[in-house]
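First up is the structure itself, then whatever we jot down about it.
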Amino acid sequence: LYLQKILKLKENERNILMVKQNVDVKPATGKLGILIVGNGAVATTFMTGVLMTRKGLTKPVGSMTQYDKIRVGQGADKKYVTYSEIVPLARLDDIVFGCWDVYPQNAYQAAMYAQVLKEKDIEPVRDELEQIVPMKAAFDHNYAKRLTGEHVKRVNSSSEGGGQIPTRWQMVEQLREDIRTFKAEKGCQRIVVLWAASTENYVPVCRQVHYRLTDLEAAMKSDDREHVAPSMCYAYAALAEGAPFIMGAPNTTVDIPAMWELAEQTRTPIAGKDFKTGQTLVKSGFAPIIGTRCLGLSGWFSTNILGNRDGLVLDEPANFRTKEVSKLSTLETILKPDVQPDLYGHGNDEDTQYYHKVRINYYPPRNDNKEGWDNIDIFGWMGYPMQIKINFLCRDSILAAPLCLDLCLLSDLAARAGRWGIQRFLSFFLKSPMYDYTQGEEAVNHLYQQYTMLKNAIREMGGYEADEEMD
């Protein structure tokens with residue numbers, strides 16, 4: 001009993017000492033500017049929800065930063081508290097929104113056009129939304145051929161729609177100026193840049209361009225439009241201005257070594273990629289059930305119908321390829337054929353692992369109300385087959401909006417805590433989480449392992465021990 005008391009005292013001393021040591025997390029003072037690439041369904045649902053919450057007219061349901069409670073301490077001293085009781089998060093009242101888009105409509109007009117929210121849930125914040133007018137987008141039509149907007153950046157232009165498309169380096173310089181101007185005019189102390197725009201064409205990682213920062217910069221300056229997507233210009237501009245960048249689509253953007261180098265130079269956090277909202281959220285949470293129970297998997301077929309602008313863009317094969325790569329990456333790091341060949345080593349044409357297929361179909365009548373079907377062929381004792389069917393009728397932007405809030409607040413926190421580069425603890429919110437593939441690292445897609453990473457990071461930044469193991 002005496003020994004137990006001594007250990008308890010030592011544990012308390014350690015927790016107190018760690019809190020005192022963690023004084024380098026800067027407070028969330030002043031305004032936080034959130035600049036969103038895109039002013040479509042996801043962006044306007046996010047902005048409207050935050051503005052309505054600030055007025056006490058709705059609740060931020062689905063937001064981990066606003067609702068989740070995690071354990072700190074152990075034994076008799078443990079308690080469950082919200083994130084803001086552990087770390088200094090920015091307040092919703094301190095957020096200032098801005099955006100870029102290829103269409104000139106303000107956020108109120110765009111929210112009404114998107115038809116995600118009812119008019120009664122938009123009108124109370126109409127005045128605030130009308131003040132959010134998009135800046136011209138850095139846009140290349142070849143990367144999103146289904147979009148026809150002309151509210152885009154030009155050079156040598158005297159009128160809307162005139163002039164030439166800027167070079168990639170000119171895009172960077174124009175975007176940097178946008179960030180600086182917004183920050184000064186709105187009186188923001190800090191900026192976070194969030195990509196909530198369309199999926200671009202698939203850009204394979206090229207060692208000659210994407211591995212070193214000097215090579216990427218040279219490609220931008222030579223206007224290499226094949227290897228440098230517009231999203232890379234946004235990311236470069238954000239990092240160069242010391243603003244954390246979050247990639248919410250599956251684009252090849254900050255998941256390249258050149259961007260990691262820039263993030264390290266500027267001591268800036270990056271996160272990506274692809275918001276984990278519907279079908280992949282289910283997949284990353286359900287696959288561990290199969291693995292934990294040691295059941296076999298022969299195949300997993302996933303299909304979706306989606307009718308909003310995102311669905312329209314993904315109807316283009318080159319854009320769908322980018323999304324397909326992202327969605328297919330989830331299972332392979334959870335149910336591993338090389339670790340359990342008897343369970344996961346059969347089913348595809350090569351008979352090397354289970355068969356995994358993903359499809360997305362553009363279906364305008366559904367608009368933002370995405371529907372996903374999963375057919376899962378499993379087998380059990382003595383190889384006898386069974387099936388699982390999952391039908392998820394979800395609202396894409398309603399699920400994405402709280403992720404946007406959490407990713408922005410936590411990226412801002414990471415910056416104030418002195419963290420830079422890939423923020424692996426944000427994998428929980430992302431469909432295809434980033435990892436350093438040049439060092440043989442493997443992505444973590446297992447939802448419950450991702451949650452452990454998230455909780456431990458919050459604990460660490462709050463001065464507590466990251467005491468939860470990730471099995």
Side-chain angles (χ1 to χ4, degrees), residues 31-67 89-135 137 147 149 151 182 186 188 191-198 246 248-249 275-278 306-313 366-370 393-412 429:
K31 295 180 180 178
L32 171 64
I34 297 180
L35 282 172
I36 307 173
V37 186
N39 189 37
V42 170
T44 55
T45 303
F46 169 36
M47 292 188 286
T48 303
V50 170
L51 296 174
M52 288 285 285
T53 299
R54 291 200 314 210
K55 289 191 170 185
L57 298 175
T58 192
K59 299 291 184 181
V61 176
S63 169
M64 305 290 284
T65 58
Q66 307 303 301
Y67 280 106
L89 292 175
R91 301 183 313 132
L92 300 192
D93 287 340
D94 293 331
I95 293 175
V96 182
F97 288 113
C99 63
W100 293 273
D101 201 84
V102 299
Y103 300 101
Q105 287 77 18
N106 63 48
Y108 170 76
Q109 294 168 320
M112 293 294 289
Y113 177 81
Q115 297 183 327
V116 175
L117 302 173
K118 296 177 181 178
E119 187 173 353
K120 70 178 182 64
D121 295 320
I122 302 173
E123 284 297 328
V125 290
R126 176 173 181 167
D127 291 344
E128 294 95 322
L129 289 171
E130 286 182 334
Q131 297 303 309
I132 304 170
V133 179
M135 296 173 281
L147 298 183
H151 188 65
F182 178 86
K186 301 298 183 181
C188 297
I191 298 289
V192 172
V193 178
L194 170 75
W195 181 282
S198 297
I246 302 155
F275 300 137
K276 182 160 60 179
T277 54
L306 178 63
N308 61 12
R309 193 177 292 164
D310 190 29
L312 174 65
V313 170
R366 286 298 175 89
N367 195 24
D368 200 66
N369 297 336
K370 180 168 65 175
L393 290 84
C394 63
R395 295 176 182 264
D396 198 46
S397 298
I398 296 298
L399 290 170
L403 298 190
C404 293
L405 177 61
D406 292 339
L407 284 164
C408 289
L409 293 185
L410 293 173
S411 293
D412 173 57
F429 304 101

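Reckoned from all heavy atoms, side chains included, excluding hydrogens, waters and symmetry mates. Every value quoted in this text rests on a predicted model; they were computed, and no experiment measured them.
- The line from CD1 of Ile36 to CH2 of Trp195 is 13.0 Å long, rounded to the nearest 0.5 Å.
- By the 6.0 Å contact criterion, OH on Tyr113 is open, its count of non-hydrogen atoms from other residues, nucleotides or ligands being 12 or less.
- In terms of heavy atoms, Asp368 sits closest to Ala41 at OD1-CB, 3.9 Å.
- A donor-acceptor contact shorter than 3.5 Å links the side chain of Lys55 to the backbone of Pro124.
- Of all non-hydrogen atoms in Gln105 and Ala110, the two that sit nearest each other are CB-N, 4.4 Å.
- Contact between Ala249 and Ala197 at its shortest, heavy atoms only, is CB-O, 4.1 Å.
- Considering only heavy atoms from C-beta on, Val125 stays 4.5 Å or farther from Arg54 through its side chain.
- Here the side chains of Leu410 and Leu89 are in contact, with some heavy-atom distance below 4.5 Å.
- Side chain of Asp406 to backbone of Met64: a donor-acceptor contact under 3.5 angstrom is found.
- Side-chain contact between Glu123 and Tyr108: present, with at least one pair of heavy atoms (C-beta onward) separated by less than 4.5 Å.
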Side chain to side chain contact (heavy atoms under 4.5 Å, CB included) between Phe275 and Leu407, intermediate numbers included: CA-CA 10 Å; Phe275 300 137; Leu407 284 164; 3.7 Å; yes
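- Contact annotation: the side chain of Leu405 approaches that of Leu92 to within less than 4.5 Å [non-hydrogen atoms, C-beta and beyond].
- Remark: of the listed residues Ile398, Asp396, Asp121, Ile398 is the sole one forming a side chain to side chain contact (heavy atoms under 4.5 Å, CB included) with Thr45.
- Between the side chain of Gln109 and the main chain of Asn106, a donor-acceptor pair closer than 3.5 Å is present.
- Comment: Arg91 engages Asp94 in a salt bridge, judged by a side-chain N to carboxylate O separation of less than 4.0 angstrom.
- A heavy-atom distance below 4.5 Å is found between the side chains of Val42 and Cys404.
- In terms of heavy atoms, Leu32 sits closest to Cys188 at C-SG, 4.4 Å.
- Summarising the geometry of Gly49 relative to Thr58, their closest heavy-atom pair is O-CG2, 3.9 Å, with the distance given to 0.1 Å.
- The minimum heavy-atom distance linking Gly278 with Cys394 is given by the pair CA-SG, 4.4 Å.
- Val116 has its side chain out of reach of Thr44: every pair of non-hydrogen atoms, C-beta onward, lies at least 4.5 Å apart.
- Using a 4.5 Å heavy-atom cutoff, the side chains of Leu403 and Thr277 are in contact.
- A distance of 5.5 Å separates CG of Leu51 from CG of Leu129, quoted to the nearest 0.5 Å.
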Checking side chain to side chain contact (heavy atoms under 4.5 Å, CB included) for the pair Tyr103/His151: CA distance, chi angles, key distance, verdict? CA-CA 5 Å; Tyr103 300 101; His151 188 65; 5.5 Å; no
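- Side-chain contact between Asn369 and Leu393: absent, with no pair of heavy atoms (C-beta onward) separated by less than 4.5 Å.
- Here OG1 of Thr48 is found 5.5 Å from CD1 of Ile122. Values are rounded to the nearest 0.5 Å.
- Residues passing the side-chain contact (heavy atoms from CB on, under 4.5 Å) test with Pro134 are Asn39, Cys99, Asp101, sequence neighbours excluded.
- Here Lys31 contributes atom NZ and Ile95 contributes atom CD1; the two are 12.5 Å apart, rounded to the nearest 0.5 Å.
- Rounded to the nearest 0.5 angstrom, Ile191 CD1 and Ile34 CD1 are separated by 9.5 Å.
- We find the CE-NZ distance between Met52 and Lys120 to be 7.5 Å, quoted to the nearest 0.5 Å.
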